[in-house]
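Remember, it's a predicted structure, so these values are computed and weren't measured experimentally. All values below were derived from every heavy atom in this structure, side-chain atoms included, with hydrogens, water molecules and symmetry-related copies excluded.
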Amino acid sequence: MAYGSGWCSPAAVPSSSASSTLPAPTELSDPSYGPIPGESDVYTTYDGTARPFPGNITGAVLNTTSGAPEADDVLFQNLLSAEWIIFSFYQQGVERFNASTFVEAGFPNTTYERIQQIRDNEAGHLRIFQDQISTASIKPGPCQYAFPYDDPASYLVLQTIIEISSMAFLTGLELQARLGASRAALVAISATESRHNTWSLIDNWKSVPFAGPSDTVYPYANQILDFTNQWVVEGSCPSQNPVYPAPRQHLPQMNPIKGTKSILPGSELVVSFTQSGNQPHFVEKDYYAVFFHGVNNISVPFDTKHNSTTIPKEFEALGIIIAVIADAEGATTKESVVAGPLILPQSPAILSEIYLSS
């Protein structure tokens with residue numbers, strides 16, 4: 001079965017869209033089926049804890065026609081799989097916390113309401129991305145996810161990092177898009193994600209929300225998407241789902257070593273490679289830590305014996321810095337990247353402090 005039972009709860013969607021039966025693949029492939037993003041307030045003001053449509057679908061939506069896929073089907077399959085992760089993160093927050101838990105942790109009394117509203121937006125993104133995939137291709141379904149937070153503060157730290165990172169992979173995906181309409185959709189979604197992050201920086205962290213004249217651009221979006229696989233419970237995805245992301249390099253992931261005091265520009269950075277079965281293989285040649293910030297990148301020698309480098313002092317301590325290990329200065333191709341990416345949040349300062357202590 002490609003979908004789970006209880007696909008559509010009357011509490012989660014308008015009564016006109018409620019049903020006790022499973023939707024047919026042709027219905028889910030019809031953009032007029034169910035609440036429509038931009039027309040229905042389900043995707044803006046729904047305040048229940050049940051999963052709003054299409055977030056309560058539990059399986060992949062199989063293709064209903066044969067033939068060649070559309071030009072950007074793979075791009076939106078990747079993005080839909082990533083969106084399932086983001087939607088599920090917010091849905092978990094809605095289910096696990098309530099208004100009082102955020103207030104008791106020192107956050108504004110509107111925090112829980114905003115988490116619900118962002119969850120609604122993300123459900124709308126699910127539907128938008130489903131609609132961007134042609135009927136000749138599978139629409140990926142959700143997996144199970146385990147996120148590294150244990151209280152309201154660590155949840156909101158991860159929320160901010162997810163939103164800032166979203167900007168980097170969305171700009172990277174625009175480089176992959178082949179159709180003008182796809183690029184326009186990605187820009188529109190980026191604008192919404194930026195609003196989510198701006199809210200959190202102002203209200204929750206009492207911080208200046210600006211990341212400088214440009215958010216960080218990272219050209220190899222699939223590598224950031226692959227970074228999010230660490231939150232996917234192994235073996236939990238629908239069997240019909242395509243590989244996420246496609247193509248997948250399966251690069252070794254890395255983190256600052258325990259005890260790192262600072263990830264600000266100018267700081268020494270020593271990393272550990274966190275996957276026991278997926279370690280980089282260094283040979284006798286030069287390697288570089290390539291740091292991306294804004295629209296620029298700076299390459300610094302990487303010491304493969306001590307796994308150490310220095311974060312370029314030239315960068316402003318704003319937004320995020322993205323680091324990778326590469327065998328070519330500038331990491332000029334995705335194949336030159338041998339490990340990473342590593343997300344280094346820069347502002348607000350408390351965000352970096354909590355990130356390093358987690």
Closest heavy-atom pair and its distance - Ser347, Gly319
OG-N, 3.1 Å
Angle class for the Tyr220/Tyr218 ring planes (parallel below 30°, perpendicular above 60°, tilted otherwise)?
perpendicular
Ala60 and Gln240: which non-hydrogen atoms are nearest, and at how many Å?
CB-CB, 4.0 Å
Do Pro265 and Glu314 have side chains that approach each other closer than 4.5 Å (heavy atoms only, starting at C-beta)?
no
Donor-acceptor pair, distance only, cut-off 3.5 Å: does the side chain of Asp120 make one with the backbone of Tyr46?
yes
Stepwise, does the side chain to side chain contact (heavy atoms under 4.5 Å, CB included) test hold for Val271 with Ile257?
CA-CA 5 Å; Val271 300; Ile257 61 168; 5.6 Å; no
Please determine whether side chain to side chain contact (heavy atoms under 4.5 Å, CB included) holds for the pair Ile343 and Ile322, giving the CA-CA distance in whole Å, both sets of side-chain angles, and the decisive distance to 0.1 Å.
CA-CA 5 Å; Ile343 309 297; Ile322 296 177; 3.9 Å; yes
Just jot down the side-chain hydrogen bond (donor to acceptor under 3.5 Å, both in side chains) partners of Tyr244, sequence neighbours excluded, or say none.
Thr228
State whether the side chain of Asp41 and the backbone N or O of Thr44 hold a donor-acceptor pair below 3.5 Å, judged by distance alone.
no
Dump the intermediate steps for side chain to side chain donor-acceptor pair (under 3.5 Å) on His125 and Glu193, then the final yes or no.
CA-CA 10 Å; His125 294 170; Glu193 300 295 355; 3.3 Å; yes
Find out whether Leu75 and Leu173 are in side-chain contact, i.e. whether some heavy atom of one side chain is under 4.5 Å from a heavy atom of the other.
yes
Taking the side chain as C-beta and beyond, is there a heavy-atom pair between Phe291 and Thr309 under 4.5 Å?
yes
Does a side chain donor of either Asn222 or Gln176 reach within less than 3.5 Å of an acceptor in the other side chain?
yes
Among side-chain atoms of Asp151 and Ser154, is any donor-acceptor pair under 3.5 angstrom?
yes
Side-chain donor-acceptor contact under 3.5 Å, Gln117 with Arg114:
yes
Does a side-chain heavy-atom distance below 4.5 Å link Phe273 with Asn307?
yes
For His196 and Asn121, which I'm curious about, is there any donor-acceptor pair between the side chains at under 3.5 Å?
yes
Aromatic contact between Trp231 and Tyr145, with the criterion being ring centroids under 6.0 Å apart: yes or no?
no
Calculate, to the nearest 0.5 Å, the distance between atoms NE2 and CD belonging to His250 and Gln223 respectively.
13.5 Å
Can you find a heavy atom in the side chain of Val208 that is under 4.5 Å from one in the side chain of Leu201?
no
Hey, is the main chain of Thr111 close enough, under 3.5 Å, to the side chain of Trp199 for a donor-acceptor pair?
no
Side-chain atoms of residues 61-73: list all donor-acceptor pairs with protein atoms under 3.5 Å, sequence neighbours left out, distances to 0.1 Å.
unit_1, atom_1, unit_2, atom_2, d
Asn63, ND2, Thr65, O, 3.1
Thr65, OG1, Thr135, O, 3.3
Thr65, OG1, Thr135, OG1, 2.9
Thr65, OG1, Ala136, N, 3.3
Asp72, OD1, Arg178, N, 2.9
Asp72, OD2, Arg178, N, 3.3
Asp72, OD2, Leu179, N, 3.1
Asp72, OD2, Ser182, OG, 2.6
Asp73, OD1, Ser134, N, 3.1
Asp73, OD2, Glu70, N, 3.0
Asp73, OD2, Ser134, OG, 2.6
Asp73, OD2, Ser137, OG, 2.7

Under the 3.5 angstrom rule, does the side chain of Ser262 hit a backbone N or O of Leu264 as a donor-acceptor pair?
yes
For Asp327 and Lys285: C-alpha separation, side-chain torsions, deciding distance, then whether side chain to side chain contact (heavy atoms under 4.5 Å, CB included) applies.
CA-CA 8 Å; Asp327 61 8; Lys285 63 183 300 184; 3.5 Å; yes
In Å, rounded to the nearest 0.5 Å, how long is the span from CD1 of Ile325 to CG of Leu342?
8.5 Å
How close do Gly55 and Leu126 get, heavy atom to heavy atom, and via which atoms?
CA-CD1, 3.9 Å
For Tyr287 and Val283, indicate whether the former's side chain and the latter's backbone hold a donor-acceptor pair under 3.5 Å.
yes
Value for OG1 (Thr216) from NE2 (His293), rounded to nearest 0.5 Å, stands at 4.5 Å
Single-linkage hydrophobic cluster Leu356~Leu318, side-chain heavy atoms < 4.5 angstrom:
no
Transitive ILVMFWY side-chain link Val324 to Val300, under 4.5 Å:
yes
Hey, could you give me the CG/CG distance between Asp131 and Asp30, rounded to the nearest 0.5 Å?
8.5 Å
Min side-chain heavy-atom separation Phe147-Leu158 under 4.5 Å
yes
For the backbone of Ile162 and the side chain of Ser166, can you confirm whether one donor and one acceptor N or O come within less than 3.5 Å of each other?
yes
Do Gln230 and Gln253 have side-chain atoms, one donor and one acceptor, less than 3.5 Å apart?
no
Do you know the tightest heavy-atom contact between Gln144 and Ser236?
N-OG, 3.0 Å
Closest non-hydrogen atoms of Ile128 and Ile189, given as atom of the first, atom of the second and distance, are CD1-CD1, 4.2 Å
Is Leu156 reachable from Met167 through a run of I, L, V, M, F, W or Y residues, each pair having side-chain heavy atoms under 4.5 Å apart?
no
For Lys261, does the NZ atom have more than 12 heavy-atom neighbours from other residues, nucleotides or ligands under 6.0 Å away?
no
Is there a donor-acceptor pair under 3.5 Å between the side chain of Asn278 and the backbone N or O of Leu251?
yes
Do Asn109 and Phe102 come within less than 4.5 Å of each other through their side chains, counting heavy atoms only?
no
Does either side chain, that of Arg51 or that of Gln91, offer a donor lying less than 3.5 Å from an acceptor on the other one?
no
Salt bridge (charged side-chain N to carboxylate O under 4.0 Å, His left out) contacts touching residues 195-205 (sequence neighbours left out):
none
Is any side-chain heavy atom of Pro52 closer than 4.5 Å to one of Phe87?
yes
When you measure from the side chain of Asn78 to the backbone N and O of Ala246, does any donor-acceptor pair fall under 3.5 Å?
yes
Do Val74 and Phe169 belong to the same hydrophobic cluster, where Ile, Leu, Val, Met, Phe, Trp and Tyr are linked whenever their side-chain heavy atoms lie under 4.5 Å apart, directly or via other members?
no
Do the side chain of Ser81 and the main chain of Gln77 share a donor and acceptor less than 3.5 angstrom apart?
yes
Applying side chain to side chain contact (heavy atoms under 4.5 Å, CB included), run through Thr198 and Phe210 and close with a yes or a no.
CA-CA 8 Å; Thr198 298; Phe210 308 126; over 6 Å; no
Which atom names give the shortest non-hydrogen contact between Arg127 and Leu28, and what distance separates them?
NH1-O, 2.8 Å
Got a donor-acceptor contact below 3.5 angstrom from the Thr110 side chain to the Glu113 backbone?
no
Applying a strict under-4.5 Å side-chain criterion to I, L, V, M, F, W and Y, I'd like to know whether Ile311 and Val217 cluster together.
no
Classify the angle between the aromatic ring planes of Phe89 and Tyr149 as parallel (below 30°), tilted (30 to 60°) or perpendicular (above 60°).
perpendicular
Do Gln159 and Tyr90 have a side chain donor and acceptor closer than 3.5 Å?
yes
